[in-house]
Amino acid sequence: MRAPAAELAAVVAWIGRRHPEATGIGPDDDLIESRLIDSLGFLEFIVLIERLSGRPVDVETLDLDDFRSLSRIERAFFSGPDPRPSGRSSAG
């Protein structure tokens, strides 16, 4: 797994592409309340988190607060062991 700083930089870059006016996002800024992550982009954001963390986000059990700030995202998705599955099935 990459260092959390690299993961968070990718998250900030994604937000910046969607909201170029957003500068200086702090670790505890509320990304949902400020509408930097909104309902239209939320599924795309989940896919980004899955790609960066290397593990799926279970949408049935997710806690919206885990996406609320950079510090919460880091704690929920980029800290701890990397639980990548040993085998992958292909759908198609």
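On a predicted model such as this, the values are computed, not experimentally measured, just so you know. Sequence positions, counted from 1, serve as the residue numbers for this chain.
Ser71 places a side-chain N or O within donor-acceptor distance of the main-chain N or O of Pro27, the cut-off being under 3.5 Å. When atom types are taken as modelled, the side chain of Arg55 and the backbone of Phe77 share a donor-acceptor pair closer than 3.5 angstrom. Side chain of Asp29 to backbone of Leu31: no donor-acceptor contact under 3.5 angstrom is found.
Other residues, nucleotides and ligands contribute more than 12 heavy atoms inside 6.0 Å of the CD atom of Glu21.
Going from atom OG1 of Thr23 over to atom CD1 of Ile15 covers 12.5 Å, rounded to the nearest 0.5 Å. The distance from the CG atom of Leu36 to the OG atom of Ser69 is 12.0 Å, given to the nearest 0.5 Å.
In this structure, Ile73 and Glu7 have side chains that are not in contact, with every pair of non-hydrogen atoms separated by 4.5 Å or more. Contact check for Glu74 versus Ser79: side-chain heavy atoms found under the 4.5 Å cut-off.
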Practice task
Dump the intermediate steps for salt bridge (Lys or Arg N to Asp or Glu O under 4.0 Å) on Asp66 and Arg75, then the final yes or no.
Solution key: CA-CA 8 Å; Asp66 287 340; Arg75 221 174 9 254; over 6 Å; no
Problem - Pair Val57-Val47, side chain to side chain contact (heavy atoms under 4.5 Å, CB included): steps then yes or no - result: CA-CA 8 Å; Val57 173; Val47 170; over 6 Å; no
Practice task
In sequence, state the C-alpha distance, the side-chain angles, and the governing distance for Ile49 and Val11, and then conclude on side chain to side chain contact (heavy atoms under 4.5 Å, CB included).
Solution key: CA-CA 8 Å; Ile49 295 296; Val11 169; 4.0 Å; yes
Practice task
Might you work through the side chain to side chain contact (heavy atoms under 4.5 Å, CB included) test for Arg18 and Asp38, ending with a clear yes or no?
Solution key: CA-CA 10 Å; Arg18 293 181 61 89; Asp38 58 19; 3.8 Å; yes
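Heavy-atom minimum distance, Gly26 versus Leu70: O-CD1, 3.9 Å. Here the closest heavy-atom approach between residue Leu48 and residue Ala10 is recorded as CD2-O, 4.4 Å.
Each of Arg72, Arg35, Arg68 was checked for a side chain to side chain donor-acceptor pair (under 3.5 Å) with Asp30, and the lone residue meeting it is Arg68.
Applying the ring pair (Phe, Tyr, Trp, His ring centres under 6.0 Å) rule to pairs touching residues 28-62 yields Trp14-Phe45, Phe42-Phe67, sequence neighbours excluded.
Under the 4.5 Å side-chain heavy-atom criterion for ILVMFWY residues, no single connected hydrophobic cluster contains both Leu40 and Val59.
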